[in-house]
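Below is one structure, written out as structure tokens; the observations come after it.
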Amino acid sequence: MTTKRNSTTHIRIGRKAPASPASPASPASPASPASGATTSTGRRRWLFGAAVLGVATLTAVGALVAEGGAHAAVLTNCAATPANCGYPGATNTGVPSGTALKSVPGQVSSGPGWSYNAAGKDVIVNVKGTVLSGLYIPHNLVIDAANVTVKNVQVVTSGDFGISLTHTAGVTIENSTISGQNATTGRVSSAIDDVYGDSTGMVIKDNNISYFRTAIQISTGLADGNYIHNPGFIAGDHTNGFYVNGGTEPLTIENNTIFNSQWQTDAINLDAGSSGVPVANKTIENNLLAGGGYTIYGGTSPANPTSHIVIEGNRIGQQYYPLGGQYGPGAYFAPTGTGNVWSGNVWDTTGKAIPAP
């Protein structure tokens with residue numbers, strides 16, 4: 001299980017909440033900013049039921065099967081090159097290739113709605129409606145205003161946070177690259193984090209995220225088309241691709257690739273941090289997932305009532321463990337809960353259905 005949050009402040013026990021604004025320890029900056037190496041356009045979206053498609057020229061196509069006299073291609077082995085199957089990967093997420101980035105604070109230290117905070121060594125956005133674009137930020141990026149858009153930005157930092165959301169609404173983070181400095185002591189604790197658990201209306205899409213302990217931590221909004229891979233690890237970490245921390249506000253996690261090569265904890269974890277907390281209205285669909293102890297935690301641990309948990313059309317890879325995760329593809333899912341659905345989830349290697357845990 002992942003580290004819990006304090007029930008009154010929503011801050012995870014064992015990590016510091018930022019001041020107003022956040023001020024983690026200053027990381028060492030890389031020698032030079034890196035321009036993005038990917039393109040964000042052209043990624044195809046697979047609808048639910050993508051395990052069986054019409055005939056298509058895909059390198060990942062497996063066997064052909066007959067269905068009602070027509071042939072369809074069974075899509076398999078997408079984990080090797082996710083973009084070939086229409087999933088997010090290295091070539092279709094993050095800062096688009098060829099984008100020029102200005103380093104903060106070396107080349108630029110402020111702009112409309114944002115500024116570099118030398119005392120805290122972080123970048124603060126505090127004006128509603130700010131659009132942040134074309135920057136390389138080797139520090140924590142603190143979003144402390146509503147309706148902010150972060151686009152074509154690269155954040156590379158260690159410490160507690162990559163991008164912090166503090167009491168916000170309507171924030172969009174897209175086509176950006178967020179990572180720690182390396183896979184060990186330089187990993188970032190949370191790449192994108194709704195720090196106080198009270199932000200709403202987030203849209204997180206088409207980002208490339210790596211070298212993290214937790215890649216994304218939000219409990220409401222939309223996460224669509226992100227490539228989450230190559231987590232970092234130091235002793236004692238609980239590694240999450242996506243940590244939700246329960247709650248009943250609607251959340252959709254769709255069309256993402258989430259690979260957790262660590263033996264724990266998960267690719268996606270819906271569980272609340274304390275017992276007896278309702279977990280509801282969460283949808284996990286059309287994702288390519290692999291790794292962790294269990295690949296998906298369905299919300300009922302520890303002793304949490306669940307409803308309207310929809311887990312459908314996901315593809316689970318076996319590149320790390322034969323069972324998807326070390327112990328299985330899913331756990332703590334209540335199939336009898338009101339509105340709970342486990343349907344159409346398949347093994348990436350065979351296209352065969354995975355029964356509800």
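A donor-acceptor contact under 3.5 angstrom links the side chains of Asp194 and Ser199, judged on distance only. Judged by distance alone, the side chains of Asp237 and Thr239 never bring a donor and an acceptor atom under 3.5 Å apart. Side-chain contact annotation: Asp198 with His167, donor-acceptor N/O pair under 3.5 Å present. Between the side chains of Asn126 and Asp144, no donor-acceptor pair of N or O atoms lies under 3.5 Å. Of the N and O atoms on the side chains of Asn140 and Ser164, at least one donor lies less than 3.5 Å from an acceptor on the other residue. Under 3.5 Å, the side chains of Ser110 and Ser115 contain no donor-acceptor pair of N or O atoms.
Here the closest heavy-atom approach between residue Cys78 and residue Tyr87 is recorded as SG-CE1, 4.1 Å. Pairing each heavy atom of Asn240 with each of Thr265, the nearest pair is ND2-CB, 3.8 Å. Counting all heavy atoms, side chain and backbone alike, Val95 lies closest to Asn152 at CG2-C, 3.9 Å. Counting all heavy atoms, side chain and backbone alike, Met202 lies closest to Leu165 at CG-CD1, 3.6 Å. Shown here for Ile178 and Gly162, the closest heavy-atom pair between the two residues is CG2-CA, 4.5 Å. Considering every non-hydrogen atom in both Ser219 and Gly246, the closest pair reads CB-O, 3.7 Å.
Looking at Ile258, Ile311, Ile253 one by one, the single match for side chain to side chain contact (heavy atoms under 4.5 Å, CB included) with Ile296 turns out to be Ile311. With Ile143 as the partner, the side chain to side chain contact (heavy atoms under 4.5 Å, CB included) test is satisfied by one option alone out of Val195, Val123, Val171: Val171. Partner of His139 under the ring pair (Phe, Tyr, Trp, His ring centres under 6.0 Å) criterion, chosen from Trp114, Phe161, Tyr116: Tyr116.
Remark: Ser176 OG to Ile204 CD1 distance equals 10.5 Å, nearest 0.5 Å. Distance CD/Gln181 to OH/Tyr211: 11.5 Å, rounded to 0.5 Å. Annotation: the span from Gln326 atom CD to Gln264 atom CD amounts to 9.5 Å, rounded to 0.5 Å. Put simply, OG1 on Thr295 and CG on Asn345 are 11.0 Å apart, with the number rounded to the nearest 0.5 Å. Distance check: Thr300 OG1 to Asp271 CG gives 6.5 Å after rounding to the nearest 0.5 Å. For the atom pair CD1 (Ile173) and CG (Asn207), the distance works out to 7.0 Å, reported to the nearest 0.5 Å.
In the hydrophobic cluster analysis, where Ile, Leu, Val, Met, Phe, Trp and Tyr join through side-chain heavy atoms closer than 4.5 angstrom, Val108 is grouped together with Val150. Using a 4.5 Å cut-off between side-chain heavy atoms of Ile, Leu, Val, Met, Phe, Trp and Tyr, with links allowed through other members, Ile163 and Val244 fall into the same hydrophobic cluster. Placement of Val148 and Leu135 within a single hydrophobic cluster is found when ILVMFWY residues are connected by side-chain heavy-atom separations under 4.5 Å, directly or transitively.
Looking at Ile268 and Asn314, their side chains never come closer than 4.5 Å, going by heavy atoms from C-beta outward.
The main-chain N or O of Asn287 is never found under 3.5 Å from a side-chain atom of Asn256 such that the two would form a donor-acceptor pair. Without hydrogens or angle criteria, Asn226 side chain to Ile228 main chain gives no donor-acceptor distance under 3.5 Å. Looking only at distances, a side-chain donor or acceptor of Asn340 sits under 3.5 Å from a matching main-chain atom of Ile309. A donor-acceptor pair under 3.5 Å links the side-chain atoms of Ser133 to the main chain of Lys151, judged by distance alone. Of the possible donor and acceptor atoms, none in the side chain of Asp206 sits under 3.5 Å from a partner among the backbone N and O of Thr93. With hydrogens and angles ignored, the 3.5 Å screen pairs no side-chain donor or acceptor of Thr168 with any backbone N or O of Thr166. No donor-acceptor distance shorter than 3.5 angstrom exists from the side chain of Asn286 to the backbone of Asn255, with no hydrogens or angles considered. Under a 3.5 Å cut-off, the side chain of Ser189 and the backbone N or O of Gly159 do not form any donor-acceptor pair. In this structure a side-chain-to-backbone donor-acceptor pair under 3.5 Å is missing from Asp348 to Ile316. For Thr220 (side chain) and Leu251 (main-chain N/O), no donor-acceptor pair under 3.5 Å exists by modelled atom type.
Annotation: ring pair (Phe, Tyr, Trp, His ring centres under 6.0 Å) contacts involving residues 334-357, sequence neighbours excluded, comprise Phe333-Trp342. Within the structure, ring pair (Phe, Tyr, Trp, His ring centres under 6.0 Å) contacts touching residues 246-285 (residues at least two apart or in different chains) do not occur.
Tyr332 and Tyr294 have perpendicular rings, their planes meeting at more than 60° on a 0 to 90° scale where under 30° would count as parallel. Tyr227 and His229 have parallel rings, their planes meeting at less than 30° on a 0 to 90° scale where 60° marks the start of perpendicular.
Between His238 and Tyr243, the distance separating the two ring centers is not shorter than 6.0 angstrom.
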